[in-house]
Amino acid sequence: QVRLVESGGGSVRAGGSLRVSCVASGDIRSRHVLAWFRQGPGKGREAVAGIYTTSSTTYYSDSVKGRFTISQDNAKNTVYLDMNSLKPEDSAMYYCAAVSTNNLRGSWYDPHEYTYWGQGTQVTVSS
């Protein structure tokens, strides 16, 4: 069982930066995929970035590539999402999700693949 707790959201002006964190209660240092998803008002859940914790291989959606960075700190069982050059369209509830690589059958960006979810943290970017 894995419990995920996000933190670090907030409000920022366009062009600014934020870091959101996801602390896992279970051991996710290997053989897991952790990803950040976001969901804006009236929109579906969108994949933002993912990381394979064993290899540290990372993936990004086209909308954030070059602006966002996902990373992990194994000592703290934490995954981070550093967000730079933020835009108003980045405003959303950001969720952390995890799945064992043994259970991943499809793509990292499919939210239906994930077993565990955090409660979310709000990011608001004003113009």
- Message: Give me each pair satisfying ring-ring contact (aromatic ring centres under 6.0 Å, His included) with a member in residues 11-45, each pair once, sequence neighbours excluded.
- Response: F37-Y114, F37-W117
- Exam field: side chain Q39 to backbone A92, donor-acceptor pair closer than 3.5 Å: no
- Task: Output every pair passing disulfide (SG to SG under 2.5 Å) with a member in residues 25-83, not counting sequence neighbours, ordered by first then second residue.
- Result: none
- Query: More than 12 non-hydrogen atoms from neighbouring residues, nucleotides or ligands closer than 6.0 Å to OH on Y109, yes or no?
  - Reply: no
- Is a side-chain N or O of E113 found less than 3.5 angstrom from the main chain of R105, in a donor-acceptor match? yes
- Hey, is the main chain of T78 close enough, under 3.5 Å, to the side chain of D73 for a donor-acceptor pair? no
- Report yes or no: does T121 contribute a side-chain atom to a donor-acceptor pair with the main-chain N or O of S7 at less than 3.5 Å? no
- Message: I need the full list of salt bridge (charged side-chain N to carboxylate O under 4.0 Å, His left out) pairs touching residues 52-72, with sequence neighbours left out, sorted by first then second residue.
- Response: D62-K65, R67-D90
- Message: Membership question, hydrophobic clusters at under 4.5 Å side-chain separation (ILVMFWY): are I70 and Y116 in the same one?
- Response: yes
- Message: Test of understanding: clusters of I, L, V, M, F, W, Y form through side-chain heavy atoms closer than 4.5 Å, transitively. Do L86 and V48 belong to the same one?
- Response: yes
- Item | Flag, side chain of S91 to backbone of V125, donor-acceptor distance under 3.5 Å | yes
- Item | Non-hydrogen atoms of Y94 and M83 that approach each other most closely | CE2-SD, 3.9 Å
